[in-house]
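Read the structure below first, then the notes.
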Amino acid sequence: MIATILPGSTNFHAVGYNEHKVSTGSAQRIEMKNFGALGMLEPPTPGELTSFLQGYSDRNKRITKAQFHVAFSCKGHEMSESEILEFAHEWLREMGYMEPGQPLLAYAHRDTDNTHIHIITSRVAPDGRKIEHDHERRRSQEVVDRLMAINRNEKVEKDIASSFSYHFGSMAQYKAVMNSLGYEVYNKEGKIFIKFGGKIRKKMDESEITSRFENTKLNKERRRQLRSILCKYRDRSSDIEELKGQLKKKFGIDLVFFGKKDNPFGYMLIDHSDKTVMNGNRILSLDRILDFTTQEERLDRMESFIEELLRATPTLSQSDIHEALSNFHAWVKKGNLHYNGASRPLKPELVDTIARNNRIRWIESFNPQSEAERDILCEIGKVKVEGEIRDHIILSEPSRLKYSEALSRLKEIADDVSIASIRYALYRNNFVIRQNGEETFAIDFSNRLIINLTSLGFDIDDIQRRHLEIRRELLRQRKRQKEAHPAESKGTARNQKPKGPRDVGGGSHYQNREWEVGGNDDYDRVDDHTTLKR
């Protein structure tokens with residue numbers, strides 16, 4: 001095992017280097033820790049990852065080159081990517097880079113004959129101090145030597161004991177098990193030799209292995225299931241290494257190929273979940289499992305998949321499509337299809353359909369209760385309501401609590417005779433007024449609510465005139481009081497402002513408007529219109 005500490009930088013250029021390899025298919029990001037909410041909804045961009053690391057490192061501005069970049073590699077493929085990553089974690093812990101909250105990126109590179117990974121983090125600890133770096137390279141080698149020597153013989157014995165728990169029926173299958181555990185196995189003159197790290201770690205008689213052979217049978221249902229998994233993830237992978245990584249990570253399945261790397265003659269499938277070893281050709285033939293497609297072909301398949309989704313459900317929004325594509329690690333953003341590091345524009349008709357469906361979903365978020373409310377929202381959202389589109393928009397009831405709160409706000413505005421402009425007061429309360437024929441609607445964009453004011457008897461102009469009449473009547477009362485008691489009002493008229501009751505001058509008709517529900521606490525009866533007069 002070799003740990004190579006690479007140069008630092010002020011701008012974390014190692015992120016761009018590794019992400020570029022990911023985009024070309026020669027690397028894969030295999031771990032991302034302590035990056036907050038970044039990447040939870042959509043795959044993070046190289047710029048977002050770099051900005052996060054720079055922002056994290058700013059907690060100690062004295063460090064000018066905060067990037068810490070280290071590569072771990074082994075000889076050939078004697079260790080798997082997961083084993084190297086596990087070793088890297090121990091190495092980073094020993095070197096002081098694995099404290100809780102320390103951000104970390106790990107990339108597996110697959111463009112050389114040696115299994116190797118790159119780690120990127122910051123030289124700044126979570127508490128803002130600089131991580132110890134004196135004699136770093138000397139300490140690094142000491143840590144590597146110590147970790148490689150710790151209990152190596154004990155681990156070999158443990159792995160051999162684990163290998164005996166698998167069901168295998170031939171020497172080739174046993175070798176495949178040991179290969180999946182990171183060992184090289186060969187037999188010679190009746191002996192089995194087990195190598196790790198270029199050294200022979202164990203020697204056994206062949207009989208210790210052959211005595212454990214058993215005739216394993218795979219039921220048809222499990223064979224079909226495995227074949228489906230292999231086909232599905234073959235289509236998502238660009239080469240053998242990517243396919244092996246996906247199967248190991250998601251299903252605990254190892255593929256061990258025999259022969260040259262670029263021209264294998266066979267393979268074994270190891271199912272670690274039930275410790276079974278199978279001849280891969282009995283599941284999926286070698287030529288079929290190696291039938292990898294190009295990036296362009298995969299994008300074609302993803303675009304066809306989206307078309308099929310929209311044919312089956314014509315109103316799918318972008319979020320719905322995201323959910324359907326999540327298993328494929330693909331997504332749509334701003335009219336572009338992104339898949340496995342590649343991207344291209346979607347067909348214009350698909351972009352238009354998705355944009356229209358997003359507007360339909362936006363309209364439905366207001367829970368329009370009637371066709372009139374639906375039509376006014378369609379006008380605002382620029383959605384044509386002819387033909388099938390009208391039927392796609394679902395009418396529904398809004399939240400009772402939200403609706404009652406909105407009615408209470410409307411009542412307060414109608415009751416406040418001091419308001420000079422009803423329309424401005426509605427605007428200040430987040431209501432936008434729209435007219436559709438003879439009907440008036442109040443739309444609350446912040447709470448996603450639409451209210452038919454006409455059906456509730458809320459006549460803005462009528463209330464405005466009534467407020468004006470009440471204020472005029474108050475002024476006339478003040479004038480009559482002043483004329484009747486000139487001596488009393490002489491000293492106080494200049495310093496006192498008239499105070500009128502909030503419900504003055506409305507009369508019985510005014511007090512029983514059918515949209516007034518503020519005094520009724522039974523939301524169910526209010527929303528069912530059982531308490532509203534007709």
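Values in this document were obtained by computation on a predicted structure and should not be read as measured data.
- Counting heavy atoms from C-beta outward, N187 and K175 have side chains that approach closer than 4.5 Å.
- Taking the six-membered ring where tryptophan is involved, the planes of H109 and H118 are essentially parallel, since the angle between them stays under 30° and well short of 60°.
- Nearest heavy atom pair, residue Y56 against residue P103, reads CZ-CD, 3.4 Å.
- The side-chain heavy atoms of L290 and F257, taken from C-beta on, include a pair separated by under 4.5 Å.
- Taking 4.5 Å as the limit, some side-chain heavy atom of R356 sits within range of a side-chain heavy atom of I360.
- In terms of modelled atom types and a separation under 3.5 Å, the side chain of T10 and the main chain of K65 share no donor-acceptor contact.
- Interatomic distance, OH of Y183 versus CE of M79, reported as 9.5 Å (0.5 Å rounding).
- For the atom pair I283 CD1 and L230 CG, the distance stands at 7.5 Å (nearest 0.5 Å).
- Using modelled atom types, one side-chain atom of N357 and one backbone atom of P314 make a donor-acceptor pair closer than 3.5 Å.
- D320 and S317 share a side-chain donor-acceptor pair at under 3.5 Å.
- Annotation for C74 and N114: closest pair O-CB, 3.3 Å, computed over non-hydrogen atoms.
- For Q67 (side chain) and P7 (main-chain N/O), a donor-acceptor pair under 3.5 Å exists by modelled atom type.
- Using a cutoff of 4.0 Å between basic side-chain nitrogens and carboxylate oxygens, E94 and R139 are not scored as salt-bridged.
- Closest heavy-atom contact between S140 and I5: CB-CD1, 4.2 Å.
- Checked by atom type and distance alone, the side chain of R123 never pairs as donor or acceptor with a backbone atom of I131 at under 3.5 Å.
- In this structure, CD1 in I394 is found 10.5 Å from CG in N367, a value given to the nearest 0.5 Å.
- Using a 4.5 Å heavy-atom cutoff, the side chains of I306 and L325 are in contact.
- Remark: D239 does not engage R110 in a salt bridge, criterion side-chain N to carboxylate O under 4.0 Å.
- Around NE2 of H20, the count of heavy atoms belonging to other residues, nucleotides or ligands within 6.0 Å does not exceed 12.
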Checking side chain to side chain donor-acceptor pair (under 3.5 Å) for the pair S207/D205: CA distance, chi angles, key distance, verdict? CA-CA 5 Å; S207 59; D205 291 332; 4.7 Å; no
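- Note that CD1 of I321 and CD1 of I354 are 3.5 Å apart. Values are rounded to the nearest 0.5 Å.
- Classified by interplanar angle (parallel below 30°, tilted 30° to 60°, perpendicular above 60°), the ring pair F168/Y174 is tilted.
- A salt bridge is defined here as a Lys NZ or Arg NE, NH1 or NH2 lying under 4.0 Å from an Asp or Glu carboxylate O, and R93 with E90 meets this definition.
- Across all non-hydrogen atoms, the minimal contact from A125 to E99 is CB-OE1, 4.4 Å.
- Summarising the local packing, CZ of R223 is surrounded by more than 12 heavy atoms from other residues, nucleotides or ligands at distances under 6.0 Å.
- In this structure the side chain of E405 never reaches within 4.5 angstrom of the side chain of N447, judged on heavy atoms.
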If you apply the rule side-chain contact (heavy atoms from CB on, under 4.5 Å), what do you find for I192 with M171, and how did you get there? CA-CA 10 Å; I192 297 293; M171 187 62 71; 3.7 Å; yes
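- By the 6.0 Å contact criterion, CD on E214 is enclosed, its count of non-hydrogen atoms from other residues, nucleotides or ligands being greater than 12.
- Applying the salt bridge (Lys or Arg N to Asp or Glu O under 4.0 Å) criterion to E142, with sequence neighbours excluded, gives R138.
- N60 places a side-chain N or O within donor-acceptor distance of the main-chain N or O of G128, the cut-off being under 3.5 Å.
- Taking the six-membered ring where the residue is Trp, F68 and W91 present parallel rings, their angle staying beneath 30° rather than reaching 60°.
- Using modelled atom types, one side-chain atom of S304 and one backbone atom of D300 make a donor-acceptor pair closer than 3.5 Å.
- The pair K402-D444 does not meet the salt-bridge criterion, since no charged nitrogen lies less than 4.0 angstrom from a carboxylate oxygen.
- Judged purely by atom type and a 3.5 angstrom limit, S51 has no side-chain atom pairing as donor or acceptor with the backbone of E48.
- Looking at N358, its side chain does come within 3.5 Å of a backbone N or O of Q318 through a donor-acceptor pair.
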V185 vs N179, test: side-chain contact (heavy atoms from CB on, under 4.5 Å). Steps then yes/no. CA-CA 7 Å; V185 178; N179 187 281; over 6 Å; no
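- Minimum interatomic distance between V144 and F87 (heavy atoms only, all atoms of both residues): CA-CZ, 4.1 Å.
- Taking the centre of each ring, F251 and H272 stay at or above the 6.0 Å mark.
- For E86, the CD atom sits in a loose shell: 12 or fewer heavy atoms of surrounding residues, nucleotides or ligands are nearer than 6.0 Å.
- In this structure, the salt bridge (Lys or Arg N to Asp or Glu O under 4.0 Å) partners of K347, at least two apart in sequence or on a different chain, are E307.
- Annotation: side-chain hydrogen bond (donor to acceptor under 3.5 Å, both in side chains) contacts of S26 (sequence neighbours excluded): T24.
- The closest side-chain heavy-atom distance from C231 to R288 is below 4.5 Å.
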Determine, step by step, whether L104 and M98 satisfy the side-chain contact (heavy atoms from CB on, under 4.5 Å) criterion, reporting the C-alpha distance in whole Å, the side-chain angles of both residues, the deciding distance to 0.1 Å, and the verdict. CA-CA 9 Å; L104 182 144; M98 281 292 283; 4.0 Å; yes
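- Taking both residues in full, the closest heavy atoms of L38 and M32 are given as O-CE, 3.4 Å, listed atom of the first, atom of the second, then distance.
- A distance-only check finds a donor-acceptor pair linking the side chain of S180 to the backbone of V177 [under 3.5 Å].
- Looking only at atom types and distance, the side chain of Y107 has a donor-acceptor partner in the side chain of E19 under 3.5 Å away.
- Taken from NE2 in H338 to OG1 in T45, the straight-line distance is 11.0 Å, to the nearest 0.5 Å.
- The pair K248-E81 fails the salt-bridge criterion, with no side-chain N (NZ, NE, NH1 or NH2) lying under 4.0 Å from an Asp/Glu carboxylate O.
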Where do L243 and F292 land on the side-chain contact (heavy atoms from CB on, under 4.5 Å) test, with the steps shown first? CA-CA 10 Å; L243 173 61; F292 297 103; 4.1 Å; yes
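- In this structure the side chain of M178 reaches within 4.5 angstrom of the side chain of I160, judged on heavy atoms.
- With rounding to the nearest 0.5 angstrom, the CD1 atom of I2 is 6.0 Å from the OG1 atom of T4.
- Side-chain contact check for D287 and S285: at least one donor-acceptor pair (N or O, by modelled atom type) lies under 3.5 Å.
- Salt-bridge formation is detected for the pair E303/R344: a Lys NZ or Arg NE/NH1/NH2 atom is positioned less than 4.0 Å from an Asp or Glu carboxylate oxygen.
- Side chains of I450 and L377 form a contact here, defined as non-hydrogen atoms less than 4.5 Å apart.
- Within a 6.0 Å radius of NE2 in H133, other residues, nucleotides and ligands contribute 12 heavy atoms or fewer.
- Side-chain atoms of Q102 come within 3.5 Å of backbone atoms of S122 as a donor-acceptor pair (strictly under, hydrogens ignored).
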